[in-house]
Each structure stands twice: as C-alpha cells, then as structure tokens.
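Read the numbers this way: they start at 1 and go in the same order the structure lists the ligands and their atoms. Throughout, residue positions are numbered sequentially from 1 according to the sequence presented. A quick note: this is a predicted structure, and the numbers were derived from the prediction, not measured.
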Amino acid sequence: MRTSITGNETVNQQLFLKRYPQGVAGPDDFEVRESAIGQPGQGELLIQAHYLSVDAALRLIMRDSDEFLFRVQPGDLVHGSIAGQVVESNHPNYHAGDFVTGSLGVQSYAISDGTGLEKCDVTEVPLSAWLGGFGVSGLTAYFALIEECKPQPGQTVVINGAAGAVGSMAGQIAKLAGARTIGITSSQAKCDWLTNELGFDEAINYHEGNLYEQLKVAAPERIDVIFDNVGGDILDESLRLIAMRGVVLLCGSTSQYPAETMQGPRNYIWLGTMRARLQGFVVFDYVDRYAQARQRMAQWIRAGLLKTPEYLIDGNVADFPAAFRQLYLGDNRGKMLVRLPPAR
Ligand SMILES: NC(=O)c1ccc[n+]([C@@H]2O[C@H](COP(=O)([O-])OP(=O)(O)OC[C@H]3O[C@@H](n4cnc5c(N)ncnc54)[C@H](OP(=O)(O)O)[C@@H]3O)[C@@H](O)[C@H]2O)c1
C-alpha cells in the first residue's frame, strides 16, 4: 500500500461495467473493485485523480454493438477522463506535483505512459475546468460554433441541452459572437439560470407547453443555427423553424443514447426547402488548435465575459454511477464532475 500525496493510506478504486444497461444506466450496472496502486515502470507516471468527468456519451458506448469507435463491455474498466496530480514519475516530461488530464478510465489512480495526456496550467483556470469549460466541453462549443456554424451578429442561435456542459458554453460563445441566443432545457430553474447567470436572451422549458409554439414566439425570424446536443423530438420541433441557409450542428444526441432503437429526425424535409445544412462534428478534428482556442477563451474568462460552470458531486469512485444517472435526470447545470477527496 502507498501513502497518497494527501497523506492518506489508500488503494486504487476502479469502476467496472457489470452488465449492459437498460435505459439510463444506474448503480446496479457497475461494480467497484479495489486493488493495490500500481508502480509506474520506465517511461511511465502515476497520477492521483482529483476529478472524474461525467459524460453523457458514456451511455452511447455501453451498448452491445460494435457500431461505435469505442465500446465498454461488461468486465471492462469504465471509459472516462480524469484530472489529477502526478504522484511519481519515471517520464522525462512529467514531474511529481504536475497537474494533468487524460482519458484514463474511472479510477482513483492511473498509470500512464504520457499518451494523450495534457499538462494543466492551473494558474489561469482551476483544474476542474480542464475537464469542463476549458476542456473538451468548452472546446466543443467553441469549434462547433465559431468554425462550423459561424453565427453572425443578429442571427438567431437555438441551443438544446443548453444547461449542460457543452450547451452552457455554446450559449455564452454565441452571445460573444453577437447572436441572439435561445436555450432549451428541462425546468424553469434551469431556464432562469441560463438567462440570469449566463446571459442567454431566452430559455424554453421543454416540459412546459408546446415546444414548437414557444420556439415560434422566441424566434420570429426563424432559426439560423440549431446547436443540437440532444436530438429526438426537441431537434424535430426546431427543424420546422430552420431559416433559409441555416445550419444544424449535430454535436450529440443525448436523448437517444439510452434508447434501444434510436430515432432519427422526422422533419428533415425543412432542410431541403430552406437550403439548410446538416453538419456533423467531432471536436478531435481540431486537436491541433486547442491551444489557440484556449488563448481566446482565457482572454474572455479574464475579462469576465465567459464562465466555466460546473456541478460538483463530492464523493469517490463508487459515487460515479449515481452521478451518471443524475446527469440524465437531475438538476445539474454546467459540467458534472465527481470531486474526489484530494480536491476537497
Ligand atoms: N461532437 C463532439 O465532439 C462532442 C464532444 C463533447 C460532447 N458531445 C455531445 O454533446 C452532448 C452534450 O454533452 P454534455 O457533456 O454537455 O452533456 P450534458 O448536456 O452536460 O448532460 C446531458 C444533458 O442532456 C439532457 N438530456 C438527457 N436526456 C434527455 C432527453 N431525453 N431529452 C432531452 N434532453 C435530455 C439533460 O439536460 P436537460 O435537463 O436540459 O434535459 C442532461 O443534463 C452529448 O450528446 C455529448 O455526447 C459531442
């Protein structure tokens, strides 16, 4: 057993998938195992996790299908990103005490050979933000909007999943681009948060009233950009209002990830009539430009123009499954993270 950098004797807690989930995953689908913390070999480093990233897309890859690039099968370590601190290093580029982030699985300690690892400068933003607004969520919002949608001042941008990790960043960046920004989310409290805290022009609760009628009122000039995080019926109602030569950015389809059979868009006919574009997107295409985007985002953060909202669950690896379920069904706003003891 090793003494952790926080001074506590501890073991490595790891989360494994027990069975393929039905519907939204829950604690019974996972299993926590404890083992001795590994010893880094030559060219490797040992990292203690401070934060576990809770990502909606995990549900998409926990299915009995080889259609997707990644797959988590029963018995596998659950796929996920962590942010933490180097405890011990035999790697020339990393030293004990460095803050890092990487896709190293849901566990409290990880050994890495440095592949895919990023060093985190925590003087600009806190470590947690490197998994959220300053990490993949923020970069997704930035590149999807700025490079793929290119919203113009005065145009109307509708973002669904607006209170989530990507959506909350996308709304703020759309506002910085001068667009009129409308968010769609699941409760009045989340709507109030979007307009009062993040500066969205309007927010619509999709559980309340008729979504299409509410969108028609909020976007009388039709919608130039639909930033789609959730797909399903919410995307469908928005498609009916796409503007001439509008863009539908397919960022994610959270509503469909737990479904046995996924539902594609029904109202696609409007894309033809309105000469609109349905645009696929994967943030990893922009990996060479992350540093450039972060420079610009850091300027906005410093100037008080951009927030990196996060929703922290204090716990340990065993609390990840409940947090994941809550991500789909709960009151979360911004990036959901499990905060582990060393960060508390
Ligand atoms: N293309 C890329 O490169 C890329 C990169 C990162 C993420 N993504 C995708 O972007 C999307 C958003 O990711 P995120 O990390 O920001 O997740 P998130 O929005 O923080 O969390 C998921 C949210 O989805 C909403 N949701 C869940 N079930 C729903 C349903 N049945 N109908 C409508 N909304 C539902 C909930 O918000 P409400 O309370 O508002 O319903 C929930 O909080 C995901 O689909 C993810 O896979 C894509």
Handout entry: Under-4.0 Å heavy-atom contact with ligand 1, by part of Y257 that carries it
Key = side chain

Practice task
With heavy atoms only and a cut-off of under 4.0 Å, state how N229 meets ligand 1: side chain, backbone, both or neither.
Solution key: both

Exercise for the section: Enumerate the atoms of ligand 1 whose separation from the nearest heavy atom of T140 is less than 4.0 angstrom. Expected result: 4 (C), 5 (C), 6 (C)

Problem - Nearest non-hydrogen protein atom, atom 25 (C) of ligand 1 - result: V230 CG1, 4.2 Å

Practice task
Can you sort out which atoms of ligand 1 are near G252, meaning under 4.0 Å from one of its heavy atoms?
Solution key: 9 (C), 45 (O)

Handout entry: Ring geometry between H50 and F99 (parallel below 30°, tilted from 30 to 60°, perpendicular above 60°)
Key = perpendicular

Practice task
Assess whether atom CG of L305 is packed by more than 12 heavy atoms of other residues, nucleotides or ligands within 6.0 Å.
Solution key: yes

Exercise for the section: Flag this pair as yes if the NZ/CZ of R240 is under 6.0 angstrom from the six-membered ring centre of Y212 and inside a 45 degree cone about the axis; otherwise no. Expected result: yes

Exercise for the section: Return yes or no for this condition: an N or O of K335 is under 3.5 Å from an N or O of ligand 1. Expected result: no

Handout entry: Side-chain ion pair, K119 and D98, N-O less than 4.0 Å
Key = yes

Handout entry: Which of the ligand 1 atoms, numbered from 1, are nearer than 4.0 Å to a heavy atom of V283
Key = 2 (C), 3 (O)

Problem - Residues, nucleotides or ligands: over 12 heavy atoms within 6.0 Å of Q73 CD - result: yes

Practice task
Quick one: look at L329 and ligand 1, take heavy-atom pairs under 4.0 Å, and tell me if it's side chain, backbone, both or neither.
Solution key: neither

Practice task
Tell me which one of L327, L194, T254 gets a heavy atom nearest to atom 36 (C) of ligand 1.
Solution key: L327

